[in-house]
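Below, all heavy atoms of this structure are taken into account, side chains as well, without hydrogens, waters or symmetry copies. Just follow the structure's listing: the first ligand is 1, and inside any ligand the first atom is 1.
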Amino acid sequence: MKSNQPFVVGITGGIGSGKSTAAKFFEELGVPVYNSDLRAKAIQNENSEVKVKIIEIFGEEAYNENGLNKPFLAKQVFQNNEKLKILNSIVHPAVFNDFENWKNAQKVSIVMKEAAILIESGSYKGCDVVISVIVDKETRITRTIERDGLSREEILARIKNQISDEERIEKSDFIIDNNGDLAHLKNEVEQTLIKIKKMIS
Ligand code: ATP
């Protein structure tokens, strides 16, 4: 374990699992949270090296007056796994470096990296421990419908596109059960943080 650097806790979970809500509870308990999805978006809009590479591969249409042209890019990589791999090979290392810089600037012993694709991107390998937030499929669907107004079919399609909970669990050191209410989730977070603190003390 690296004693001079913060201990890195990765947190992930499928669509609507509650990982952002759980991460917010960790933050309230003093654990700074790096939101990989938000940072990835910002990096694609702001990092000139990344922008040049994206334009090289996808053309000028990859950006418009509002920044990254997400619908265009999504269309390009949808059903073209090679292009998706190329895009990931541009964005993931940049996010990795950005996280390292952020982490090294934190003056705490534990930090959290939140990512929807923590396992898929391989970035879980840079975490000291991994937490997966797990919820029954029907509860995830109900909560996501309430949050996003998506149809049941759209959510099922997204779930199908993500890795399974079994695969997540296999790579995880801790599981947070989010089938209960928010007080239950908060308690799960508190108990998990106690265990992590014990691990590093
Ligand atoms: P995504 O990857 O889709 O962005 P997420 O895993 O970050 O999702 P959240 O946004 O944290 O999930 O939670 C999904 C929705 O469910 C939110 O509207 C959140 O407020 C709600 N929610 C989360 N946990 C609970 C809970 N225990 N009880 C009731 N609602 C919850």
Counting from 1, what ligand 1 atoms have a heavy atom of T21 closer than 4.0 Å? 9 (P), 11 (O), 13 (O), 19 (C), 23 (C)
Under 4.5 Å between any side-chain heavy atoms of D173 and D128, yes or no? no
If you group Ile, Leu, Val, Met, Phe, Trp and Tyr by side-chain heavy-atom gaps below 4.5 Å, do F26 and I200 land in one group? yes
What protein heavy atom lies closest to atom 27 (N) of ligand 1? Include the residue and the distance to one decimal. N178 OD1, 2.8 Å
Closest heavy-atom approach to atom 3 (O) of ligand 1 among R140, R147, E146 is made by R147
Strictly below 4.0 Å, N to O, side chains only: are K103 and E100 in salt-bridge contact? yes
Regarding ligand 1, does L185 bring an N or O atom to under 3.5 Å of one of the ligand's N or O atoms? no
Contact (N/O only, under 3.5 Å) between E114 and ligand 1: no
Atom 22 (N) of ligand 1: the protein heavy-atom neighbour that sits closest, reported with distance to 0.1 Å: R143 CD, 3.8 Å
Under 4.0 Å to a heavy atom of D181 - the qualifying atoms of ligand 1, by number: 27 (N)
Could you check whether K51 makes a cation-pi contact with Y63, meaning its NZ or CZ is under 6.0 Å from the centre of the six-membered ring and within 45° of the ring axis? yes
Give the atom numbers and elements of ligand 1 that come within less than 4.0 Å of a heavy atom of I15. 2 (O), 3 (O)
Taking heavy atoms and a distance under 4.0 Å, where does A116 meet ligand 1: side chain, backbone, both or neither? neither
Count the heavy atoms belonging to other residues, nucleotides or ligands that lie under 6.0 Å from CZ of F72, then report whether that count exceeds 12. yes
Which residue and non-hydrogen atom of the protein lie closest to atom 12 (O) of ligand 1, and at what distance in Å? G18 N, 3.1 Å
Considering non-hydrogen atoms of the protein only, which is the closest contact for atom 7 (O) of ligand 1, and what is the distance? S20 OG, 2.7 Å
Test item: V91 and I43 side chains (from C-beta on) under 4.5 Å apart, heavy atoms: no
Linked, directly or transitively: F7 and I176 (ILVMFWY side chains, under 4.5 Å): yes
Euclidean distance, R140 CZ relative to E138 CD, rounded to 0.5 Å: 11.0 Å
In ligand 1, which numbered atoms sit nearer than 4.0 Å to a non-hydrogen atom of G14? 6 (O)
I'd like to know whether ligand 1 has A22 as a neighbour, heavy-atom separation below 4.0 Å. no
Can S17 be said to touch ligand 1, with heavy atoms closer than 4.0 Å? yes
Quick one: do V129 and I175 end up in the same hydrophobic cluster if we chain Ile, Leu, Val, Met, Phe, Trp and Tyr together by side-chain heavy atoms under 4.5 Å apart? no
Element-labelled atoms of ligand 1 that are located less than 4.0 Å from some non-hydrogen atom of K19: 1 (P), 2 (O), 5 (P), 6 (O), 7 (O), 8 (O), 11 (O), 12 (O)
With rounding to the nearest 0.5 Å, note down the distance linking CG in N88 to CD1 in I117. 6.0 Å
When you look for heavy atoms under 4.0 Å from ligand 1, do you find them on the side chain of T144, its backbone, both, or neither? neither
